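One structure is given here, and the rest of the page talks about it.
Fair warning: this is a prediction, and the values are worked out from it, not measured in the lab.
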Amino acid sequence: MRTHIAITLAGAALGLIQGCAASDQDAADTSGASTPVTAAGSSGDAVSGGGTGPDTTGGPGTATATGITGDTDDTSATSGLDTSSDGGPTVYFDIGTTPDAPSVDPRCEQNLDIVFVMDVSTTMAQFLGIMSEEMLAVDAAVTELALLGEPHYGLAVFVDDHLLVNAGAPYQDALALQADFDTWATFAASNSQVGGGNSNSTWTENSLDALHAAATEFEWRPAATTTRIIVHTTDDTFWDGPTFANGVNIVHGYAETVDALQDASVRVYSFADDIGGSCNCDDVTPGWSSDYMGMPAIPVATDGGVFAIAGVLQGNVSLVDALDAAVGESFCEPYEPVG
C-alpha cells in the first residue's frame, strides 16, 4: 500500500491511495513532471508518499473532507498527511465506508447533468463492467436530491480517437446508459480504436479530445440552473495535441481543454492511476493528480476531484459512494475553478 498524494480542494478534498492496473497491451509514452498540487485558496497541504515501484497488493482508496467524520481505524492510510485546516481538523476516511455526502440546502433546486468520459482501451473493460452494474444505484442516489427535473446523462468514449455518443444528446434514462456501458465494456476487449481501423498499439490515450468534446458539444442545460459534472476514467497518460499519434489526429492541447471545461463551468472527477505504462513503472499522474507542465491537474483546475481507479478494480472502493460524494460536494455549490 502506498499513499501517493492528497489534494485539498475548496469545500472538500479527495485523496489517493493507489495501486496499479497492470497490462501488456500498450507501449509507454508519458510526458510532464509529477508535482503535488494544492488548489489555490484551499487549506491543508498536498503530500506525496514514498515507494519506488508499483504496489500490487492494492488497498482501500481514501477520500478526504473537512468536517466529515468517518472510519479512521486504518492509520496507515493517513500516515504523514497534514490533518490541519483553517476550519478545523481534516478527517480522512476510507472511501469504502464513506459517510453520507454533505447535506444540501433544501431551498436549493438545480438540474444535474453528468457526462461519463470513458477510456475504452483493453485495460478498462472491468471498470466499465462495474460502472454498468452500479449505474442504477448511482441514479437512485442522485435522484434523491431536490432536482428541478430528471438527471441528464451523457457518454463520451476514447482510445486514441474519441466519440461523443448519441451525438451529444442526453440518454432517455439510466437504463439506456447502462446498456451502452455494457456495449463498450465488450468493445474494450477488441483492442481497437473507437472508429475502427488500426489497433490500439500505444499506452497513451486521448483523454483531452474526449473531455473537450464533452465540455463543448454535449447538450448541457443552462449553467445558471445546472450542476455540470464530468466523470472521467483512465489508467493512462494522454496525448497532448495538436499532434498525430497512432494514425489519429489529436486536436486539442491541455491548456485549451482546461479552458473549455472552465468556460462551460464543468467539474471533472477523475478515476485515475498513479503507475502505468507497458513496464507498469511509469508515473501517469500528471494532469490527473499532479501538475502537468506547470499547470494544475484537471480535477483541481475545474473544482472537481480524483479517486483511485485501482481501489474500484480491486473492490476496495465503492463506485456508488464515490460518485455520490462527488455529486454531494458539487450540487448547488458555486463553481470555483483554479488557474
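- Using cut-offs of 30° and 60° for the angle between ring planes, the His212 and His252 rings count as parallel.
- Distance CZ/Phe187 to CE/Met118: 14.5 Å, rounded to 0.5 Å.
- Trp288 places no side-chain N or O within 3.5 Å of a backbone atom of Val306 that could act as its donor or acceptor partner.
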Would Val138 and Val327 satisfy side-chain contact (heavy atoms from CB on, under 4.5 Å), going step by step from the backbone distance to the final call? CA-CA 10 Å; Val138 170; Val327 171; over 6 Å; no
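- Between Tyr292 and Pro286, the shortest heavy-atom distance links the atoms CD1-CB, 4.0 Å.
- Within the 4.5 Å cutoff, the side chain of Leu319 has heavy atoms near those of the Phe271 side chain.
- Put simply, Val142 and Tyr171 are part of the same group of oily side chains (I, L, V, M, F, W, Y) that touch within less than 4.5 Å, one to the next.
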Starting from the C-alpha separation in whole Å, work towards a yes-or-no answer on side-chain contact (heavy atoms from CB on, under 4.5 Å) for Val258 and Ile298. CA-CA 7 Å; Val258 170; Ile298 288 176; 3.8 Å; yes
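- Distance alone, capped at 3.5 Å, is enough to place a donor-acceptor pair between the Asp161 side chain and the Val194 backbone.
- Annotation: Trp220 is not in aromatic contact with His152 [ring centroid separation under 6.0 Å not met].
- Remark: the backbone N or O of Asp236 is not paired with any side-chain donor or acceptor of Glu205 at under 3.5 angstrom.
- Distance check, rounded to the nearest 0.5 Å: CD of Gln262 to CZ of Arg267 gives 12.0 Å.
- If you take CE on Met135 and CD1 on Ile130, they are separated by 14.5 Å, rounding to the nearest 0.5 Å.
- Thr243 contributes no side-chain N or O that, together with a main-chain N or O of Trp239, makes up a donor-acceptor pair within less than 3.5 Å.
- A 4.5 Å side-chain heavy-atom check between Met295 and Tyr254 finds at least one atom pair inside the cut-off.
- Residues Leu261 and Met293 share a single hydrophobic cluster, defined by chaining ILVMFWY side chains whose heavy atoms lie under 4.5 Å apart.
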Show, in sequence, the C-alpha distance, side-chain angles and deciding distance for Asp160 and Asn246, and conclude whether the side-chain hydrogen bond (donor to acceptor under 3.5 Å, both in side chains) test is met. CA-CA 7 Å; Asp160 293 311; Asn246 202 24; 2.6 Å; yes
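- Under the 4.5 Å side-chain criterion, counting only non-hydrogen atoms from C-beta, Asp173 is not in contact with Tyr153.
- The aromatic rings of Phe181 and Phe116 lie perpendicular to each other, with more than 60° between the two planes, well past the 30° mark.
- Between Phe127 and the options Asp235, Ile309, Asp119, a side chain to side chain contact (heavy atoms under 4.5 Å, CB included) holds for only Ile309.
- Contact record, Val284 with Asp273: CG2-O, 3.7 Å, taken as the closest heavy-atom pair.
- When side chains are defined from C-beta on, Ser121 does not count as touching Trp203, because their heavy atoms never get closer than 4.5 Å.
- Looking at heavy atoms from C-beta onward, Pro170 lies in side-chain contact with Phe218 at the 4.5 angstrom threshold.
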Starting from the C-alpha separation in whole Å, work towards a yes-or-no answer on side-chain hydrogen bond (donor to acceptor under 3.5 Å, both in side chains) for Thr122 and Asn191. CA-CA 5 Å; Thr122 303; Asn191 196 35; 3.2 Å; yes
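- Annotation for Asn111 and Leu147: closest pair C-CD2, 4.5 Å, computed over non-hydrogen atoms.
- Aromatic ring orientation, Phe307 versus Tyr269: tilted (interplanar angle from 30° to 60°).
- In this structure, the side chain of Thr143 engages the main chain of Ala140 through a donor-acceptor pair within 3.5 Å.
- Between Pro299 and Gly305, the shortest heavy-atom contact is CB-O, 3.3 Å.
- For the pair Glu109 (side chain) and Leu148 (backbone), a donor-acceptor distance under 3.5 Å is absent.
- The line from CG of Leu128 to CG of Asp180 is 11.0 Å long, rounded to the nearest 0.5 Å.
- Considering only heavy atoms from C-beta on, Val117 comes within 4.5 Å of Phe158 through its side chain.
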What do the steps show when you test Leu208 against Ile250 for side-chain contact (heavy atoms from CB on, under 4.5 Å), and what is the final call? CA-CA 8 Å; Leu208 297 187; Ile250 313 299; 5.8 Å; no
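- In this structure, the side chains of Ile229 and Leu112 come closer than 4.5 Å at one or more pairs of heavy atoms.
- Note on Leu163 and Leu155: same hydrophobic cluster, where clusters join Ile, Leu, Val, Met, Phe, Trp and Tyr whose side-chain heavy atoms are under 4.5 Å apart, directly or indirectly.
- The pair Arg221-Asp113 counts as a salt bridge, with a side-chain nitrogen and a carboxylate oxygen less than 4.0 angstrom apart.
- The minimum heavy-atom distance linking Gly129 with Ala185 is given by the pair N-CB, 4.0 Å.
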Check the pair Asp283 / Asp274 against side-chain contact (heavy atoms from CB on, under 4.5 Å), numbers first and verdict last. CA-CA 6 Å; Asp283 179 9; Asp274 61 347; 5.5 Å; no
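- A 4.5 Å side-chain heavy-atom check between Thr234 and Met124 finds every atom pair outside the cut-off.
- Expressed to the nearest 0.5 Å, how far OG1 of Thr237 lies from CG of Asp282 amounts to 9.0 Å.
- Note that NE2 of His162 and CG of Asp209 are 5.0 Å apart. Values are rounded to the nearest 0.5 Å.
- Heavy-atom minimum distance, Cys332 versus Thr227: N-OG1, 3.3 Å.
- Tracing side-chain contacts under 4.5 Å through hydrophobic residues (I, L, V, M, F, W, Y), one reaches Leu313 starting from Val320; they form part of the same cluster.
- Glu217 CD: more than 12 foreign heavy atoms inside a 6.0 Å radius.
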